[in-house]
Amino acid sequence: MEPLVAPCNRHTRDMTMNLDPHTDISTIAGTVARTREAYNAGTTRPLSWRRTQLQRIIDMLEENESEFIDALKADLGKPMVEGFITDLAFVTSEIKLMLKNLTKWNSTERVPTPLVAMPAKSFLMPEPLGVVCVIAPWNYPVQLLLVPAAGAIAAGNAVVLKPSEVSPNVSAVLARLVDKYLDNNAIALIEGGVAETTELLAQKFDHIFYTGNGKIGRVVMAAAAVNLTPVTLELGGKSPVFIDESAKISVAARRVAWGKWLNAGQTCVAPDYVLVHEKVEEKFVDELRKSLNDFYGSNPHTSDSYGRIVSPRHFDRLLSLMNGGTPIIGGESSREDRYIAPTVLGNVNLDSALMQEEIFGPLLPIITVKSSKEAIDFITARDHPLALYVFAEKSSVIDDVLAHTTAGGVTVNGTLLHLTSPHLPFGGVGESGMGAYHGKAGVRIFQHMKPVLKRGTAIDPKMAYPPYTPRKLKIFRKVL
Ligand code: NAD
């Protein structure tokens, strides 16, 4: 039998935490200026250039798959399958959709012209914004950098990319390969943390796309305000789950367990806490236990399918959050390899940090409610969440939750999956963010749909010109 310590050693060996990749700050202004020059020179406008760059991103991911998978493992202990599906394949499938629709999504759209402006044609003409800055976090460090970047490229922009310093192995791989695969005059990558990003944000951009926590979201928005630069903020928050008494409990538990413990709970739309109807609480917890056993075996520490906490700082934060409840499943941890067991907490203190902050880790507080109305009141008394999940067989309960709550997005009888559809724009509302992307929305966000009214000159009715007469007024009253 394999000794229980083996996975710890394996993860420890893989983790090169002393990596600290960063770009020389003195070069940042020049790099951004270079991308602007390329944009102004028209480099990024031809669809052929955009198509080549998008295809090169796919090539970069496919030809270096194992390097990316290793880096994701080193930073997050990410199981190979999770890394492939949620980081690499997610990007390539979004880009394939962009390539398929590149011409269509960059074509003018005819719209009607009102009588008063006739004779004329009206259309919306998509044009790029200019130079876009994309700042990404560490939890899906490839996907959250490259999907918005691809949207910006598909829309014809120059792009400056800033991966997270908290996932340094992925940052280093991206820096090397972006340099090698893409047109560096128009697509640049800056590495680093607060100092480098502060310098980056001091430059003028035409759009800033930031994914991360709301505190830094405010810093980004304040920096953008100086240049009146529009922002997209993809933030987080506490995404609730409601389990109604009518729900299919075994299915609900399995789907909650999958969405919660994927990437060790470090997912922006992971279930943060569960509101469960008191009549089904015991069965729900039993089924969660069964699902965890099916997924990760009796000791998740030894499972190849379970990830790790990204850094000792996040590990310590999560351990202190555990004081907000009593573990009824899990609770074990090992700082050495940043392991925290899938943990379910009962006896939850609503005033504790566990219930006041986004958890963003493998702890799941369970709170009982007496009705769907109580669950709705609990949710609406708090910030609008990024995601909301309701499990019920009764459609009246589902309809009630949908009608009386506000959230960035919803999956009914499931978790996370609304995020995977390119037809459902993904983003937050209120405290969970502003702006949405994926699919067509992920290109539109980086375009200005320029309204154009094009008049003919064959006829030029005198009606609209002075001198104004009572007769003209009478006609205007009829047509306007
Ligand atoms: P992080 O620490 O990697 O920070 C995000 C980015 O902000 C990094 O690139 C970092 O370098 C930069 N940054 C940090 N401090 C800065 C400063 N003072 N000035 C300018 N830039 C700065 O990631 P994080 O914030 O810990 O990410 C986790 C959060 O992101 C969670 O709240 C999560 O819910 C949210 N998130 C949201 C989404 C989404 O799509 N809505 C996706 C993933 C994560």
Side-chain angles (χ1 to χ4, degrees), residues 20-23 25 28 75-76 86-87 90 94 133-149 151 160-171 174-175 189-203 205 208-224 231-239 262-272 309-311 313-315 317-318 357-361 383-387 407-409 416 418-420 424-438 441-442 445:
D20 180 22
H22 60 84
T23 301
I25 290 187
I28 291 176
D75 287 331
L76 287 146
T86 63
D87 265 298
F90 197 103
E94 275 276 328
C133 176
V134 178
I135 302 175
W138 48 265
N139 59 332
Y140 293 90
V142 181
Q143 181 205 136
L144 296 173
L145 189 76
L146 295 184
V147 171
V160 180
L161 306 163
K162 219 300 286 172
S164 176
E165 75 284 13
V166 184
S167 42
N169 289 280
V170 173
S171 177
L174 281 164
L189 188 145
I190 304 290
E191 285 191 281
V194 177
E196 290 79 6
T197 318
T198 304
E199 171 67 6
L200 187 62
L201 288 172
Q203 311 308 310
F205 291 100
I208 300 175
F209 188 105
Y210 165 82
T211 306
N213 70 76
K215 193 170 148 232
I216 305 304
R218 285 166 167 81
V219 173
V220 170
M221 203 169 173
V231 291
T232 302
L233 300 179
E234 298 287 339
L235 311 177
K238 294 182 85 63
S239 297
L262 180 88
N263 202 22
Q266 300 163 114
T267 302
C268 55
V269 285
D272 188 276
I309 307 306
V310 71
S311 71
R313 180 167 69 83
H314 285 83
F315 177 92
R317 180 184 68 79
L318 285 161
E357 290 172 16
E358 177 181 1
I359 294 173
F360 216 57
D383 290 336
H384 298 328
L386 182 60
L416 315 190
H418 63 283
L419 177 152
T420 63
L424 296 173
F426 172 70
V429 56
E431 282 283 322
S432 54
M434 59 184 74
Y437 71 130
H438 290 175
I445 206 165

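One-based numbering, in listed order, for ligands and for the atoms of each.
Remark: ligand 1 atoms within the under-4.0 Å shell around heavy atoms of Gly212 are 25 (O), 27 (O), 29 (C), 30 (O), 35 (C). Below 4.0 Å from some heavy atom of Thr211 lie the following atoms of ligand 1, by number and element: 5 (C), 37 (C), 38 (C), 39 (C), 40 (O), 42 (C), 43 (C). Per-residue contacts place Leu386 under 4.0 angstrom from the following atoms of ligand 1 (heavy atoms of the residue considered): 41 (N).
Between Phe90 and Tyr140, the ring centre distance reaches or exceeds 6.0 Å.
Protein heavy atom at the shortest distance from atom 19 (N) of ligand 1 is Val219 CG1, 3.8 Å. Of the protein's non-hydrogen atoms, the one nearest atom 1 (P) of ligand 1 is Trp138 CD1, 3.6 Å. Of the protein's non-hydrogen atoms, the one nearest atom 9 (O) of ligand 1 is Ala136 O, 2.7 Å. Of all protein heavy atoms, the one lying nearest to atom 42 (C) of ligand 1 is Cys268 SG, 3.1 Å.
Distance remark: protein heavy atom not present below 4.0 angstrom from atom 4 (O) of ligand 1.
Using a 4.5 Å heavy-atom cutoff, the side chains of Met221 and Met434 are in contact. Between Tyr210 and Leu235 there is a side-chain heavy-atom pair separated by less than 4.5 Å. In this structure, the side chains of His438 and Leu419 come closer than 4.5 Å at one or more pairs of heavy atoms.
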